[in-house]
Structures are given as C-alpha cells and as structure tokens.
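Below is one structure, written out as structure tokens, with a few remarks after it.
Chain A is the first sequence line, chain B the second, and so forth, proteins listed ahead of strands; every chain is numbered from 1.
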Amino acid sequence: MQYLDFEQPIAELEKKIDELNELSVGDEVLTPEINRLRKKADQLRESIFSNLTRWQRVQLARHPERPYTLDYIDLMTDEFIELHGDRYHADDKAMVGGLATIDGQSVMIIGHQKGRDTKQRQYRNFGMANPEGYRKAYRLMKTAEKFGIPVVTLLDTPGAYPGLEAEERGQAEAIAKNLKLMSVLEVPIISIVIGEGASGGAIGIGVGNEIYMMENTWYSVISPESCSSILWKTWEYKEQAASALKLTAKDLLEMKIIDGVIKEPLGGAHRDFEKSAQAVKEQILKSLKRLNKMKPAELIDHRIEKYSVMGVWLEADQNS
Amino acid sequence: MAWFKRKDSNIQTDKKKDMPEGIWVKVPETGETIHRRELEENHWVDPLSGYHFRVGSEEYFSILFDGNKFTEIADDIMPTDPLDFEDRKKYKDRIKQTQKKSGLSDACRVGVGKLDKHNVVIACMDFSFIGGSMGSVVGERLCRAIDHAREKKYPLIIISQSGGARMMESVYSLMQLPKTSAKLALLEREKVPYISVMTNPTTGGVTASYAMLGDFNIAEPGALIGFAGPRVIRQTIGRDLPEGFQTSEYLLEHGFLDFIVARPKLKKKLSKLLRILRN
C-alpha cells in the first residue's frame with residue numbers, strides 16, 4: 001500500500017505493528033501491545049481523514065491504487081460487453097465503454113480509463129482521451145438512445161489530451177458535440193466522478209440528469225497546478241489554488257452542482273474496492289429507479305432545466 | 001438599489017484598451033504605421049498586410065448592425081464573486097478594476113437588431129474583459145441571446161474571442177459549457193440558424209462548446225483557434241509546433257470551418273448567407 005505524505009504517521013504505526021507481528025510469531029506476549037497500536041492507528045486514520053484539506057483530497061483522487069472505471073465495471077456488473085472504436089479514426093484506450101447489466105438492468109457504461117503500472121499508464125494515455133474517445137462515447141450514447149438503455153458515465157481524467165494530433169482532429173469539436181447530444185439524449189444519464197474531474201475533458205462525458213461525486217474526488221474548470229501557474233505565475237501555489245477553486249465533493253454539493261456525495265471507505269476508495277463499487281452500484285440503482293419513471297421528453301426537460309440555472313450572477317430586477 | 005444598477009445604460013467610462021492609443025498606429029506584423037482614421041474605415045484591418053487588429057463588441061456591433069442601431073438585452077445580468085476567490089488579487093477587485101478600465105460590465109454583450117435588413121441576435125465577446133473568459137455572466141447572457149433567437153426565430157450570430165472558461169468561478173464556469181450547448185440544442189430543434197464567428201483568440205471551453213456548434217462555423221483570417229493553448233501543447237509533446245498550427249487557415253484545412261472571411265467583408269458575407277437560407 002502506498003501512503004501519501006499526510007498519511008505518514010499512520011504508515012509509521014502500521015510498520016511498527018508489522019514488526020511486532022513478526023517478532024510475536026507463536027508468542028502472545030506482544031498481543032496487547034499490538035492491539036493497542038492497532039486501535040491507535042484506527043483513531044489516527046479517523047482523525048486525519050475527517051480533516052482533509054482540499055489539496056489532500058486531490059492527492060487521494062490521484063492515488064495510484066484507486067479503483068478505475070474497468071474495476072468498477074468488473075465489480076458492479078453482472079455482465080459486460082466492451083464496445084470499441086469511434087468508426088472514424090481509432091479506438092481510444094483512455095475512454096472505455098460498453099453494454100452491461102447491473103442487478104439485471106441494462107445500462108451503457110462509459111468512462112475514462114487510467115492505467116495501473118507504467119506500461120498500462122502509457123497504453124491508457126494517463127486517462128487523457130483524444131477526440132476519438134469523445135466520438136466513441138458519442139456513438140455509444142446514440143446506440144443506448146436507440147435501444148432505450150440508460151447511460152452511466154464514470155469521470156476520471158486529468159484532462160482531455162492536449163496534443164498536436166488531438167487539435168488536428170478537433171478535440172474541441174468532439175467535446176462540444178457530446179455536450180449538445182447529452183443535453184437532449186432521450187434516455188436517463190447518470191454521471192459519477194470517481195477520481196479526477198478535470199475541466200472540458202471531464203464534462204465531455206459528464207452531462208447528466210443526476211451527477212454524483214465520490215467523497216475523495218475533485219471537479220473543476222482547471223487543475224490546481226495549472227491554475228497556480230496561470231494566476232500565481234508559478235507551480236508552487238497548487239495547495240492555495242485547490243483551496244480557492246473549491247473543487248471537492250462537499251464544495252460542489254454546497255454549490256448545488258451535484259446531487260450527492262458517495263461515501264468512500266475510511267482511508268479512501270483504494271482501501272476497499274468491493275465496498276467502493278458497492279456504494280457506486282447502490283447509487284446507480286437508486287437513481288435509475290427515479291429516472292426510469294420519466295418519459296424521454298421529461299428527461300430532456302429535467303436536464304435542460306438543471307443546467308439552465310447553473311452559475312451565479314446578479315440581476316438588477318431581482319436585487320434592486 | 002444594488003451597487004451595479006445604472007440609470008443610464010449608455011454609460012461609457014474610459015475607452016477600450018483593445019486598440020492602441022494615438023493618431024498613428026503601428027501594425028505589429030509589418031512594423032509600418034497607419035493613420036487611425038484609415039484603419040477605422042477599413043474596420044480595423046490593415047489594408048496592406050490584412051492584419052486584423054483585435055476589436056470588441058462595440059466595433060462589431062457598429063460593423064454589423066444597420067446604422068449601428070440595436071437593442072441591448074441581458075445587460076442587467078452582472079458578475080459577482082460566488083466563491084470568494086482570491087489569487088494574488090481578489091476576484092471582486094479584479095471585476096471592479098476591469099469594469100472601470102474596459103467600460104464593460106462583463107465579457108459578452110448581446111444586441112438585437114437588423115443586419116442588412118435581416119433581424120438577428122448578435123452576441124459578441126470582449127477579450128478586453130479578463131481575456132474574454134466565460135463565467136456565469138457570459139454563460140447566462142449567451143443563454144438569453146439563444147432563448148431570444150429561439151422565441152423570435154431570429155438567426156443567431158455569436159462572435160467569440162476568449163481564452164476559455166473563467167478560473168475564478170471554477171466549476172460554475174465549467175458548467176457554462178453544457179448550459180450554453182443545451183440551449184443551442186433547443187435552438188436547433190426550432191431550425192433557427194446559428195452562425196459561429198471565431199476571432200483571435202478562441203480557445204478552451206469556449207471552443208469546446210458553443211463556438212464549434214454553429215450550423216456554420218466561420219472565422220477571421222489568422223485567428224488562434226483551439227482547445228488547448230499552444231504553450232501547453234508544446235510542453236506536452238516536447239517539441240516545437242508547426243508553423244500556422246491552430247490558425248483559422250489550419251482549421252479550415254482540417255475541416256472544422258466552413259469558410260474564412262476578412263472583417264471588411266464580414267457583414268456582406270453574413271447577409272448573403274442569411275438571404276440564401278431564407279429563400
């Protein structure tokens with residue numbers, strides 16, 4: 001298990017526990033001490049995780065051992081058929097999708113995909129989709145609409161890929177088309193941020209009737225690092241930027257941008273894949289129960305009304 | 001009464017900062033100087049080199065609306081600071097300073113009037129207001145423009161010039177992408193034409209939403225248009241970018257624009273397009 005900088009006190013305790021465990025093989029003299037330290041570690045974890053800063057949440061959202069889209073699919077669905085390709089250019093490995101059943105209900109699941117080790121990370125382009133990724137998502141959403149199947153999108157990207165070929169093939173156009181399509185898609189859409197929700201790359205599959213964020217994730221118009229580099233002219237102010245951007249699940253719930261926060265196991269989603277996937281699954285089923293009752297026109301109105309009120313401005317008529 | 005309410009809607013503070021001061025203006029590309037009046041008569045385009053000086057909503061409205069007559073709508077929608085955002089400067093102060101300096105209330109204005117006798121709704125962004133960035137006010141004003149076009153069945157023209165979404169409103173800014181795109185989807189259902197005019201620069205969230213969603217996507221020559229900025233791309237790929245990368249001409253070549261039009265011919269071309277559509 002990898003520990004983040006702010007988890008070091010826990011890491012040290014657990015190392016001590018491991019050492020004592022090794023020493024105590026076949027001997028119960030040390031058991032009380034081990035139990036005492038275990039309890040202390042639990043308390044410490046509880047106290048550290050109940051007071052996380054926004055930057056620490058960002059770190060957790062990027063934890064290399066966090067569950068990714070395909071992990072959730074694996075653990076949540078009864079069946080899954082992955083579908084590939086945008087039919088124009090390529091199959092984007094940073095964007096996955098396919099038909100699945102969750103508790104017997106058919107859904108189209110689409111999500112950003114990150115890689116676990118160096119090779120996989122490169123293969124998945126660090127979860128940064130190219131235009132063909134967004135166009136694959138577009139195609140799968142149209143397919144879902146055609147067959148009346150609800151769409152579930154899982155967001156986890158450090159951004160749409162800012163590369164030369166991505167521009168050449170119309171990264172902006174691909175994202176824009178998805179935004180327009182998703183706002184008037186005739187089937188329910190549920191969007192869940194499972195890791196990083198970075199700007200246009202995230203919203204490109206993120207327009208939903210209901211939007212959720214897992215507890216230790218972030219969603220913002222820009223990453224803290226880029227924000228720091230633009231507004232402070234140096235990368236050093238990422239923590240302040242994270243704080244100023246108010247990018248956590250709790251923040252977005254308060255801003256009424258999202259519909260709810262999905263609780264993670266203590267210590268973060270990576271501590272217990274099963275439990276995390278179960279929580280996400282339960283939320284999807286709850287949302288589907290509500291949304292399945294709505295007719296296509298109602299779903300569209302619901303989505304358009306939801307987005308129409310987003311933003312904060314002053315209006316002379318209302319305030320004078 | 002709120003602090004922002006103006007009795008006189010035609011208040012103009014200092015002149016815009018888009019155009020350089022003085023009677024003689026230097027053309028950046030050639031280093032030549034040109035008389036201001038000559039430049040103005042040619043819609044702020046250098047007749048020799050074709051260089052397009054950046055101008056804002058005031059100039060575009062005067063170029064496009066017949067007799068510069070139009071009704072401004074949604075101008076009572078004003079910016080605030082929902083996140084209490086502070087970097088090296090407070091966002092509140094940034095808004096006030098920019099308002100004073102630019103004479104604008106935010107980075108987008110909406111006018112309703114006639115273009116060569118065609119009723120149109122024109123929304124125009126202003127780069128001189130925090131880099132033309134899109135926050136809640138830009139998003140809302142655009143939505144009012146789109147709604148107005150839909151209700152009246154007037155063709156919609158959006159002139160973009162923007163570095164992208166406004167950081168100081170964080171996720172609220174991001175949500176303006178789906179918000180405007182959703183309204184455009186409704187406009188499309190009513191079969192009302194939407195022409196997107198991209199000027200220098202059009203990047204980030206603006207390109208990734210309404211700017212790329214026109215029935216007709218057009219641009220001024222030589223404008224920078226893209227999703228990611230050139231600096232970010234250069235850092236990502238670790239090599240220099242080809243000449244002309246992300247220019248209007250490059251986008252036309254790659255199939256993302258219908259045509260490029262020089263500013264002095266913009267009105268005529270739009271009028272022609274609207275005329276053929278109406279026949």
If one checks every heavy atom of B:Glu140 against chain A at 4.5 Å, the contacting part turns out to be side chain
Taking the side chain as every heavy atom from C-beta outward, state whether B:Val171 and A:Val221 have any pair of such atoms under 4.5 Å apart. no
Hey, what do you get for CG (B:Leu184) to OG (A:Ser183), rounding to the nearest 0.5 Å? 9.0 Å
The reported gap from CD in A:Glu167 to CZ in B:Phe245 (rounded to nearest 0.5 angstrom) is 5.0 Å
Heavy-atom closest pair, residues B:Ser136 and A:Gly311: OG-CA, 3.3 Å
Side chain proximity check, B:Thr236 to A:Tyr161, heavy atoms < 4.5 angstrom: yes
What distance separates B:Tyr210 OH from A:Lys180 NZ, expressed to the nearest 0.5 Å? 15.0 Å
Is the closest side-chain heavy-atom distance between A:Leu314 and B:Ile77 below 4.5 Å? no
Bottom line for A:Ile203: the part with an atom under 4.5 Å from chain B's heavy atoms is side chain
Looking only at heavy atoms, the pair that brings B:Phe85 and A:Ala244 closest together is CD1-O, 3.3 Å
Which heavy atom in B:Ser170 sits nearest to a heavy atom in A:Ser220, and how many Å separate them? OG-OG, 3.5 Å
Distance, nearest 0.5 Å, that separates CG of B:Asp87 from CH2 of A:Trp232: 5.0 Å
Where on A:Glu168 is there a heavy atom nearer than 4.5 Å to chain B: the side chain, the backbone, both, or neither? both
Shortest non-hydrogen contact from B:Met212 to A:Ala176? CB-CB, 4.2 Å
Please report the interatomic distance CZ(B:Arg88) to CG(A:Leu231), rounded to the nearest 0.5 Å. 8.0 Å
